[in-house]
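In this chain, numbering begins with 1 at the start of the sequence shown. Computed from a predicted structure; not experimentally measured.
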Amino acid sequence: MRQLGLGLAMAAAGLAMALQTARADEELPIGVIAAQSGSFVSAGNTIVGAANLAAQQINDAGGIKVGDKTYKIKLYIRDNRTDVNVTIASARELVNDIGVKAIWGTETHDFSVSMAKITGPAKVLQFSGNSSLGAVLDDKAVAEDGWLHYAFQSEPQEWQRSGSTAKGVLSLLTPQLKSPPKHSVVFVGNDATGQYLSSHYVKALEAEGQKVDLVQYPPDTTDFSPLLTRIKGMKPDIVHFWYNGDSTLTAFPQALKLGVAPSYFLFGVDPGIYQERSLKANVPVTMSCVPVCWGSSPYPEVKQYFDKYFGLGAAKGPQSSVSLLYYDYFFWYAKALEKVGKIDDPDAVVAELLKSDYKGVVSPVPLVFNKHHQVTFATEVCMVEPNTSDKFKCAVEQPPAAPPPGDNGG
């Protein structure tokens with residue numbers, strides 16, 4: 001009897017261990033590295049919001065069926081504090097200690113390149129909404145033995161985004177000005193991201209016939225008055241506040257008080273935040289979303305998405321639309337895993353992503369990765385009527401077919 005009892009106990013223990021192992025096998029660990037504090041928090045929070053929503057929807061729908069198992073996503077979210085050293089440490093922890101299968105992030109452009117030096121050798125897929133990856137995503141880097149073979153750029157190439165943005169801004173502003181604009185000043189933070197992005201945007205504006213001056217400010221600037229006064233002396237037709245929406249929302253009101261220019265462009269500032277903050281200007285102001293706006297949705301799918309996104313508790317920020325550079329890719333990745341039939345064959349997953357497409361929220365046209373692991377879709381640009389905070393005219397601009405003169409596309 002004692003032996004029977006011992007046998008039953010051992011069988012029960014074995015069953016418990018088997019069930020525990022099965023439960024562990026059914027967890028799909030996914031990493032998220034984003035700025036939840038620091039100078040780029042308004043963009044960083046969007047990655048976390050998109051990841052939480054996508055993971056919840058996939059899990060609530062039954063999970064990801066891979067082979068004869070069903071996996072539920074478990075997110076491991078790390079705050080990089082807008083610090084590249086913290087980013088690198090977080091990537092090492094997620095890859096080496098947690099054993100994640102893929103990482104989403106970061107939103108800070110040069111940080112993504114640093115992360116890829118960790119994810120690549122470990123064969124961990126990385127999805128980054130950073131156009132600056134285009135500077136290193138080439139034939140050699142994405143080859144099977146290349147250091148970026150497992151990295152995917154979930155944002156259009158910068159010459160494409162800059163080109164569609166410049167075209168949208170000028171097409172909306174030109175009819176509002178006394179004469180066609182000829183002189184633009186690009187006002188941008190002097191960091192690696194600002195330098196890279198503005199280099200393409202300057203070429204895009206020049207291709208549209210603009211004479212362009214570039215004025216840079218230290219990234220932690222709060223009093224922009226001296227630099228704005230200098231810009232006013234240049235007598236520009238348009239001042240383009242480029243790239244960091246948080247800094248722009250500090251600098252733009254100062255520019256209005258100083259009467260710096262007869263028109264403005266605010267990159268990465270959503271009409272929704274412009275309205276919520278009751279911003280007003282007596283001159284025409286344009287703004288763009290990365291890629292489409294939550295405050296003025298061009299597609300029904302986008303409005304439905306943001307209703308769910310904000311409903312889950314995500315903050316309404318100037319760059320909430322950045323979340324759409326990450327959301328669709330969870331479902332595309334899940335689709336690739338199901339097709340491959342394994343979660344531990346990253347090379348097969350890469351191959352499947354490159355030969356498949358995905359129709360999601362961010363674009364009415366299915367997303368496709370090119371041979372350099374990059375996607376293409378349009379940019380939304382809006383103009384607010386002078387002396388109002390809520391009257392917008394918006395246009396969705398398609399990217400140009402080729403880089404402008406002087407832009408090598410990288």
Side-chain angles (χ1 to χ4, degrees), residues 23-34 36 43-67 69-78 94 98 100-107 124-129 152 154-155 270 272 289-294 297-317 319-343 349 352-353 356-369 375 377:
R23 280 195 294 270
D25 286 344
E26 292 172 0
E27 175 188 299
L28 180 64
I30 298 292
V32 178
I33 300 179
Q36 295 181 279
N45 278 339
T46 71
I47 305 178
V48 177
N52 282 328
L53 177 58
Q56 181 188 79
Q57 290 177 327
I58 289 171
N59 290 344
D60 288 351
I64 306 170
K65 293 177 173 52
V66 182
K69 295 180 180 179
T70 299
Y71 291 84
K72 298 292 182 73
I73 293 174
K74 181 170 182 181
L75 296 176
Y76 291 84
I77 299 170
R78 299 295 182 265
L94 292 175
I98 304 298
V100 297
K101 303 301 179 185
I103 291 180
W104 267 251
T106 74
E107 72 297 328
V124 171
L125 273 74
Q126 178 180 332
F127 297 89
S128 293
F152 288 85
S154 56
E155 179 178 41
D270 197 284
C289 303
V290 184
V292 289
C293 305
W294 61 265
S297 302
Y299 316 120
E301 295 85 357
V302 172
K303 184 180 185 310
Q304 293 166 14
Y305 163 78
F306 280 117
D307 286 344
K308 295 172 184 175
Y309 174 80
F310 294 129
L312 203 62
K316 289 186 175 181
Q319 300 189 70
S320 294
S321 59
V322 169
S323 64
L324 280 172
L325 300 180
Y326 295 89
Y327 173 77
D328 286 332
Y329 301 89
F330 277 86
F331 298 89
W332 198 353
Y333 175 63
K335 177 183 169 185
L337 289 177
E338 291 179 344
K339 186 72 174 178
V340 169
K342 302 176 184 176
I343 68 166
V349 175
E352 179 60 31
L353 288 170
S356 63
D357 60 32
Y358 184 76
K359 172 64 174 71
V361 177
V362 74
S363 171
V365 178
L367 298 170
V368 177
F369 284 114
V375 292
F377 47 80

* Structure fact -> Residues passing the side-chain hydrogen bond (donor to acceptor under 3.5 Å, both in side chains) test with Tyr76, sequence neighbours excluded, are Glu27
* Asked: Excluding sequence neighbours, so at least two apart, what forms side-chain hydrogen bond (donor to acceptor under 3.5 Å, both in side chains) with Glu155?
  -> Arg161
Nearest atoms (heavy-atom pairs only) where [X] meets [Y]:
| X | Y | answer |
| --- | --- | --- |
| Ser321 | Pro291 | O-CD, 3.5 Å |
| Lys101 | Leu28 | CG-CD1, 3.7 Å |
| Gly44 | Ala34 | O-CB, 3.3 Å |
| Val32 | Ala51 | CG2-CB, 3.8 Å |

Side chain of [X], backbone of [Y]: donor and acceptor closer than 3.5 Å?
| X | Y | result |
| --- | --- | --- |
| Ser128 | Ser154 | no |
| Asp328 | Val362 | yes |
| Asn59 | Ile73 | yes |
| Asp270 | Trp294 | yes |

* To do: State whether the number of non-hydrogen atoms from other residues, nucleotides or ligands found under 6.0 Å of Lys342 atom NZ is greater than 12.
  => no
Taking side chain as C-beta onward, heavy atoms only, is [X] less than 4.5 Å from [Y]?
| X | Y | result |
| --- | --- | --- |
| Phe127 | Leu125 | yes |
| Val66 | Glu26 | no |
| Tyr358 | Pro366 | no |
| Val365 | Phe377 | no |
| Val100 | Val124 | yes |
| Asn52 | Gln56 | no |
| Val375 | Val368 | no |
| Ile30 | Tyr333 | yes |

Starting at [atom1] of [X], measure out to [atom2] of [Y] and round the result to the nearest 0.5 Å.
| X | Y | atom1 | atom2 | result |
| --- | --- | --- | --- | --- |
| Asp60 | Lys72 | CG | NZ | 7.5 Å |
| Leu325 | Ile47 | CG | CD1 | 8.5 Å |
| Ile64 | Lys335 | CD1 | NZ | 13.5 Å |

* Asked: Which residues pass the side chain to side chain contact (heavy atoms under 4.5 Å, CB included) test with Lys65, sequence neighbours left out?
  -> Thr70, Glu338
* Taking only residues two or more places apart in sequence, or in another chain, which ones meet Lys339 in a side chain to side chain contact (heavy atoms under 4.5 Å, CB included)? -> Glu352
* Structure fact -> Phe331 meets the ring pair (Phe, Tyr, Trp, His ring centres under 6.0 Å) criterion, sequence neighbours left out, with Tyr327
* Asked: Is the centre of the Trp104 ring less than 6.0 Å from the centre of the Tyr326 ring?
  -> no
* Does Tyr329 have its ring centroid less than 6.0 Å away from the ring centroid of Phe152? -> no
* Steps toward side chain to side chain contact (heavy atoms under 4.5 Å, CB included) verdict (Lys359, Leu367) -> CA-CA 6 Å; Lys359 172 64 174 71; Leu367 298 170; over 6 Å; no
What donor-acceptor contacts under 3.5 angstrom involve side-chain atoms of residues 302-313, with partners at least two apart or in another chain?
from, atom 1, to, atom 2, distance (Å)
Lys303, NZ, Asp307, OD2, 3.3
Tyr305, OH, Ser323, OG, 2.8

* Output, in order, the C-alpha distance, side-chain angles, deciding distance and verdict of side chain to side chain contact (heavy atoms under 4.5 Å, CB included) for Val292 and Leu324. => CA-CA 8 Å; Val292 289; Leu324 280 172; 3.6 Å; yes
